[in-house]
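Input: a single structure, listed below in structure tokens.
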2 protein chains.
Amino acid sequence: MTKASANEHCGAPPEQADLRPIEGAEADEELATLAKAVGHPARVQILRLLARKTACICGDIVDELPLAQSTVSQHLKVLKEAGLIRGEVDGPRVCYCLEPRALRRFKALVGGL
Amino acid sequence: MTKASANEHCGAPPEQADLRPIEGAEADEELATLAKAVGHPARVQILRLLARKTACICGDIVDELPLAQSTVSQHLKVLKEAGLIRGEVDGPRVCYCLEPRALRRFKALVGGL
DNA sequence: AGCTACTATCGTCGATTAGCGATGACTAAG
DNA sequence: CTTAGTCATCGCTAATCGACGATAGTAGCT
């Protein structure tokens, strides 16, 4: 198996619990950052696409959205910087997938409102 | 009891269930709008304040935040336009409180990710 | 009426965002 | 080495955001 297996895309990490507090100044900042990243229809759509495909996608996202490739790339960058998605280089293309940990964290923070 | 009872602040409405779908184009827009409103630390703080007080507050919010009165008023406007809070005029001051319906809706949409 | 207190709105300024086309970087294939 | 394909980055423009001081509006007091 010299060639990287296509199944190694986004292996789920050891499912670690999040011990950080759900409120307080830091939590406020964190929630605001995450919410801000989600605060755009195109980015919500991207998250939904990644969730539906259960695995990763790459530039197919561009085909699904009515936006230029550079714009989509920007949105992906925002989501990545917020920690909500991860991008793994797979040959000439990049494979994006959800970061379940961050998503759970976001849900926990929102649930704590 | 000629003076308006302080308990009349924000009576909880009949606790109606939300029948709108949790995904689709409209849901995406809605989630993005709500998330955008929450996407600022000051607004998260305001929501937390309102939640803690269980009831409404007014300009005490200004005292709690390190921001000018006009800035706080702007943030309140954003939250109000997103439907997350409600403001009732109570004499010379305004009493803000959470809109539980919108908050539940937000949690449902986020949970659906 | 006049005054005071509280809040909303206006106008402004700098910073950020969203969108795009063009260009650059990188990989795989020829 | 060259070419083609994929994605990120750059540069730019228009629009929006965040913050503020100043101003206007409204309710209660004297």
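Quick note: numbers below take in every heavy atom, side chains included, and nothing from hydrogens, waters or symmetry partners. Below, chain A is the first sequence line, B the second, and so on; all start at residue 1.
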Notebook entry, point to check: Closer to the 5' end of DNA chain D via nearest nucleotide, is it A:Lys80 or B:Gly39?
Noted result: A:Lys80

Note to self: With a 4.0 Å limit, can you tell me whether A:Thr71 has a side-chain N or O closer than that to the phosphate oxygens OP1/OP2 of C:dG19?
What the structure shows: no

Note to self: What's B:Gln69 touching, base or sugar-phosphate or nothing? Going by heavy atoms closer than 4.0 Å.
What the structure shows: base

Notebook entry, point to check: If we fit an axis to the first five pairs and another to the last five of the helix from C:dA1-D:dT30 to C:dG30-D:dC1, what angle do they make, to the nearest 10°?
Noted result: 10°

Notebook entry, point to check: Could you give all pairs that pass the ring-ring contact (aromatic ring centres under 6.0 Å, His included) test and reach residues 17-38 of chain A, with sequence neighbours left out?
Noted result: none

Notebook entry, point to check: Which sits closer to the 5' end of DNA chain C, A:Gly91 or A:Ala68, going by the nucleotide each is nearest to?
Noted result: A:Ala68

Next item on the list: Nearest whole angstrom, please: distance from the P of C:dT7 to the OH of B:Tyr96.
Entry: 8 Å

Compile the donor-acceptor pairs under 3.5 Å between side chains in residues 72-80 of chain B and protein atoms, sequence neighbours left out, one pair per line.
from	atom 1	to	atom 2	distance (Å)
B:His75	ND1	B:Arg43	NH1	3.0

Notebook entry, point to check: Are A:Lys107 and A:Arg104 side-chain neighbours, meaning at least one heavy-atom pair lies under 4.5 Å?
Noted result: no

Item checked: Separation of C:dC6 C1' from B:Glu88 CD (nearest whole Å) -> 17 Å

Check: Side chains of B:Glu99 and B:Ile85: closer than 4.5 Å at any heavy-atom pair?
Finding: no

Next item on the list: Taking only the side-chain heavy atoms of A:Ser70 (C-beta and beyond), determine which of C:dC6, C:dG21, C:dG19 contains the nearest atom.
Entry: C:dG21

Next item on the list: Whole angstrom is fine here: how far is it from CD in A:Glu81 over to C1' in C:dT16?
Entry: 13 Å

Notebook entry, point to check: So do B:Asp60 and B:Leu49 actually touch side chain to side chain, heavy atoms under 4.5 Å?
Noted result: no

With a cut-off of 3.5 Å and sequence neighbours excluded, list every side-chain donor-acceptor pair involving residues 21-41 of chain B.
from	atom 1	to	atom 2	distance (Å)
B:Asp28	OD1	A:Arg48	NH1	2.1
B:Glu30	OE1	B:Arg105	NE	3.2
B:Glu30	OE1	B:Arg105	NH2	2.8
B:Glu30	OE2	B:Arg20	NH2	2.9
B:Glu30	OE2	B:Arg105	NE	2.9
B:Thr33	OG1	B:Glu29	O	2.9
B:His40	ND1	B:Ala42	N	3.1

Note to self: Under 4.0 Å from a heavy atom of chain B: give me the 5'-most and 3'-most nucleotides of DNA chain D that qualify.
What the structure shows: D:dC17 to D:dG28

Next item on the list: Measure from CD1 on B:Ile46 to C1' on C:dT7 and round the result to the nearest Å.
Entry: 14 Å

Check: Between residues 25-37 of chain A and DNA chain C, which residues have a heavy-atom gap below 4.0 Å?
Finding: A:Lys36

Notebook entry, point to check: Between A:Val89 and A:His75, which has a closest nucleotide on DNA chain C that is more 5'?
Noted result: A:His75

Item checked: Pairwise 5' ranking along DNA chain D for A:Gln74 and A:Val94, keeping only the more 5' one -> A:Val94

Next item on the list: Specify the separation, in whole Å, of atom NZ of B:Lys77 and atom P of C:dA8.
Entry: 10 Å

Margin query: In the structure I gave you, are the side-chain heavy atoms of A:Leu98 and A:Leu84 within less than 4.5 Å of one another anywhere?
Written below: no

Next item on the list: Search all heavy atoms of A:Tyr96 against all heavy atoms of A:Leu50 and return the closest pair with its distance.
Entry: O-CD2, 3.6 Å

Next item on the list: Check the pair A:Val94, A:Glu88 against side chain to side chain contact (heavy atoms under 4.5 Å, CB included), reporting the backbone distance first and the verdict last.
Entry: CA-CA 6 Å; A:Val94 178; A:Glu88 291 183 1; over 6 Å; no

